[in-house]
Amino acid sequence: MRLLQAESGHLPHRGYNSMADTPDEAIAERFAAFAAAGLLDVPDPRLAADQFIALTFGVALDRLGSANAAEDPRVRPLVVEGVRTFLRAYRSR
């Protein structure tokens, strides 16, 4: 308990989950690689990743309450249109 109290000032904010951002960061890294290869115009890879997730699985969650493409055939068309929208916004000029 003393160690926790002594080190609590060095811990991230309450509710921080270091694994929560891992998939988003992985997507951002891929978008940065695509940008470096000239395939996408991505000035802020993490913002692009957040927008990609919102346009794809975020829409499926909002509309259907599920983003499980394997179980719900209504998810795939939403994800495909989200990807198309993302690519229109971030395509290389």
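- Of all heavy-atom pairs between Pro45 and Ala32, the closest is CG-CB, 3.8 Å.
- Applying the salt bridge (Lys or Arg N to Asp or Glu O under 4.0 Å) test to Arg30 and every residue at least two apart in sequence or in another chain returns nothing.
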Less than 3.5 Å apart, which donor and acceptor atoms pair up between the side chains of residues 59-68 and the rest of the protein, not counting sequence neighbours?
| residue | atom | partner | partner atom | Å |
| --- | --- | --- | --- | --- |
| Ser66 | OG | Asn68 | N | 3.1 |
| Asn68 | OD1 | Ala70 | N | 3.2 |
| Asn68 | OD1 | Glu71 | N | 3.3 |

Report all side-chain donor-acceptor pairs from residues 37-44 shorter than 3.5 Å, counting only partners two or more places apart or in another chain.
| residue | atom | partner | partner atom | Å |
| --- | --- | --- | --- | --- |
| Asp44 | OD1 | Arg46 | N | 3.3 |
| Asp44 | OD1 | Leu47 | N | 3.1 |

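- The stretch residues 83-93 participates, sequence neighbours left out, in these salt bridge (Lys or Arg N to Asp or Glu O under 4.0 Å) pairs: Glu81-Arg84.
- Considering Leu78, Thr56, Leu55 as possible partners of Val83, the one that fulfils the side chain to side chain contact (heavy atoms under 4.5 Å, CB included) test is Thr56.
- Applying the side-chain contact (heavy atoms from CB on, under 4.5 Å) test to Arg76 and every residue at least two apart in sequence or in another chain returns Val80.
- For Phe86, the ring-ring contact (aromatic ring centres under 6.0 Å, His included) criterion is met by Phe31, Phe52, Tyr90, not counting sequence neighbours.
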